[in-house]
*Asks:* 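The structure under discussion is supplied below as structure tokens; questions concerning it will follow.
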Amino acid sequence: MSAPRTTNRKLTVVALLCAVFLAAMEATAVATVMPTIIGDLGGLDSYAWVFTAYMMSSTITVPIYGKLADVYGRKPVLQFGIGLFLLGSVAAAFSGTMAQLILFRAIQGLGAGAIQPMGLTITGDIFKIEERAKVTAVFGTVWGVAGVTGPMIGSIIVKTLGWQWIFLVNIPFGIAAAFIIQRALQENVEKRKVKLDWLGALFLAGAISCMLLAVNDPEEMMILVPLSTLSFLAFLLVEQRAQDPMVPLDMFANPVISNASLVSIMLGGAMLSFVTYLPLYVEGVLRMDVFAAGLSIIPMGVGWPIASGLSARILPKVGFRRLLRTGLSLVFIGCSTAALTAYFKLPFALLMVGMGLLGLGMGFSNIPLLFSVQSSVAWNRRGSATASTLFFRTIGGTIAVGVMGAVLARALLRDPTLPSSVANDLIGPNHGLGVSIELLDRLSHVMNWGLHRIFFYSAGIAFLALLIGLFFPNMSKEPKGDEEIENI
């Protein structure tokens, strides 16, 4: 009788690195070229929805995938997510209208809801915390390469092949990740009869969907907010009575998890607001090209992995709380620098400095948040706990992007005499060529008014994250809970 196969940790890491590159390219390249896509398909008023649809669908599914991973194992959930993400990518590439692009981005999000949390959970499974620090540094390097090359690759692809190839470039990385993970990762999940809490999942999805729709459609808020509240109350009642709840509510009695969840909401809101709207500011207000738009967010893509690699190494020396406070301070300083630079029209280089500080702050913040949460629970809850951190960061970002989209829409209404087509012309590939200077100046002015407010609101969110982080529990520098994994 042959011995049971064990996990090939090196190959598993390679597969997860492919998935990380996939996610990083998605985050940087798409945000960079969105103004160009809007210029082609039209619909500046739907700008936020391209991001919101993706984040909303991924947000809804993150806790569900986390629970399924704790029951059935990480591998099947990850493989399903990769497949769904690639399906959405191919469909998005062939979008002919903004409505189609939004729909297919939502399908991408349904897959993305599994990719990142499962990658982080698997890493937590197969590596102890001191080994995890080294692996995190490698992940950070790959994320940094994608962060630097993503915007520039996106810009080159748009100039040469067309924006559709931004989505098709995902395909080889996704296929490679799925193939390697199937062969390398071995799980011996304890089989147990579980009655999945689908009713709880349904109410949670309804609560989140109604809330996010309300944020993006203020006219329907009077209906959607009560529906969201009722759905959330129903979810709480179901979870309290469920034999095996979709989201174990007692986890949040742990002060580490509850505080990390609140901080993650604020971090997601601040970070995603800048990633989403800064390229629009560069192209629509500063009237620079798509390369400059990509250049503006590259420093964040560089600073984040550098700080992640460093924080993973110094965490045992300084502890969770001190490292988290350092990161949150840098996030606030970075957001404030970028907002003030835009407001006072300071040199473009200062805008990049602000984004670099934001990236460093995110790296120094997310490592202590993630490691502390993973170290606070057992294996059969690690999927749900890891997913909760990403869930709250994503939902914070989704709400913020939606709210900021309403701010921008309100700004465009300040001058109702402006034709809607002018906005598309301004941020399109010709940057308003053929449009009168008077119209372009008026549009640039109202966009500037709205985007300044977006950046200052985002800095305020970063300040709230810092305040909440001051109350993070003082955990041990070498937390318990990294027991030997018996199922790999």
Side-chain angles (χ1 to χ4, degrees), residues 24 26-35 47-48 50-52 54-55 143 147-148 150-151 154 263-286 288 292-305 307 327-346 348-366 393-408 411 427 447-448 450-466:
E26 175 67 25
T28 57
V30 174
T32 301
V33 304
M34 266 310 301
Y47 184 91
V50 176
F51 299 93
T52 301
Y54 177 88
M55 290 186 290
W143 188 279
V148 173
V263 171
S264 295
I265 289 175
M266 300 303 165
L267 283 179
M271 183 269 294
L272 283 172
S273 293
F274 272 99
V275 170
T276 301
Y277 291 103
L278 190 61
L280 185 61
Y281 172 79
V282 172
E283 293 197 55
V285 176
L286 300 183
M288 301 173 76
L295 194 64
S296 68
I297 61 174
I298 279 179
M300 191 191 76
V302 175
W304 191 329
L328 295 177
S329 298
L330 287 173
V331 169
F332 173 62
I333 294 171
C335 290
S336 300
T337 300
L340 290 170
T341 299
Y343 183 79
F344 290 108
K345 296 183 179 180
L346 300 176
F348 184 76
L350 279 178
L351 199 65
M352 297 177 65
V353 169
M355 293 303 291
L357 291 173
L358 172 58
L360 289 172
M362 291 298 295
F364 283 126
S365 300
N366 278 293
R393 190 175 78 192
T394 305
I395 199 170
T398 306
I399 293 173
V401 168
V403 170
M404 303 311 175
V407 172
L408 180 60
I427 62 176
M447 287 184 65
N448 192 35
L451 290 169
H452 281 165
R453 279 153 180 77
I454 287 174
F455 297 151
F456 279 116
Y457 294 158
S458 301
I461 295 172
F463 182 68
L464 288 177
L466 176 58

*Asks:* At what distance, to the nearest 0.5 angstrom, does OG of S458 lie from CE of M271?
*Replies:*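 Answer for the OG-CE pair, S458 versus M271, is 11.0 Å.
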*Asks:* Which value, rounded to the nearest 0.5 Å, describes the distance between H452 atom NE2 and L340 atom CG?
*Replies:*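 Those atoms lie 10.0 Å apart.
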*Asks:* Please name all residues satisfying side-chain contact (heavy atoms from CB on, under 4.5 Å) with F455, sequence neighbours left out, ordered by chain then number.
*Replies:*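 F455 satisfies side-chain contact (heavy atoms from CB on, under 4.5 Å) with F274, Y277, L278, Y281, A339, A342, L451 only.
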*Asks:* Got a donor-acceptor contact below 3.5 angstrom from the T341 side chain to the L346 backbone?
*Replies:*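 No.
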*Asks:* Is atom CZ of F348 surrounded by more than 12 heavy atoms (other residues, nucleotides or ligands) closer than 6.0 Å?
*Replies:*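 Atom CZ in F348 is crowded, with more than 12 foreign heavy atoms closer than 6.0 Å.
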*Asks:* Let me confirm one number: the CE-CG distance from M362 to L357, rounded to the nearest 0.5 Å.
*Replies:*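 Atom-to-atom, M362:CE and L357:CG are 13.5 Å apart.
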*Asks:* A270 and C335: which non-hydrogen atoms are nearest, and at how many Å?
*Replies:*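 A270 and C335 have their closest heavy atoms at CB-SG, 4.2 Å.
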*Asks:* Rounded at 0.5 Å granularity, tell me how far CG in L358 sits from CG in L267.
*Replies:*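 Spacing of CG (L358) from CG (L267) equals 9.0 Å.
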*Asks:* Any side-chain heavy atom of V275 within less than 4.5 Å of one from M300?
*Replies:*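 Yes, close enough: below the 4.5 Å cut-off.
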*Asks:* Rounded to the nearest 0.5 Å, how far does CG of L272 lie from CZ of R393?
*Replies:*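 Reported value, rounded in 0.5 Å steps: 8.0 Å.
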*Asks:* Contact between L466 and S329 at the side-chain level, heavy atoms closer than 4.5 Å - yes or no?
*Replies:*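 SC-SC contact between L466 and S329 confirmed.
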*Asks:* Do you know which two heavy atoms are closest between V407 and G450, and how far apart they sit?
*Replies:*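 Scanning both residues, the minimum pair turns out to be CG1-O, 3.8 Å.
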*Asks:* List the atom of L330, the atom of G361, and the distance in Å for their closest heavy-atom pair.
*Replies:*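 Heavy-atom minimum between the residues: CB-CA, 3.6 Å.
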*Asks:* Rounded to the nearest 0.5 Å, how far apart are CZ of F456 and OG of S336?
*Replies:*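 These two atoms lie 8.5 Å from each other.
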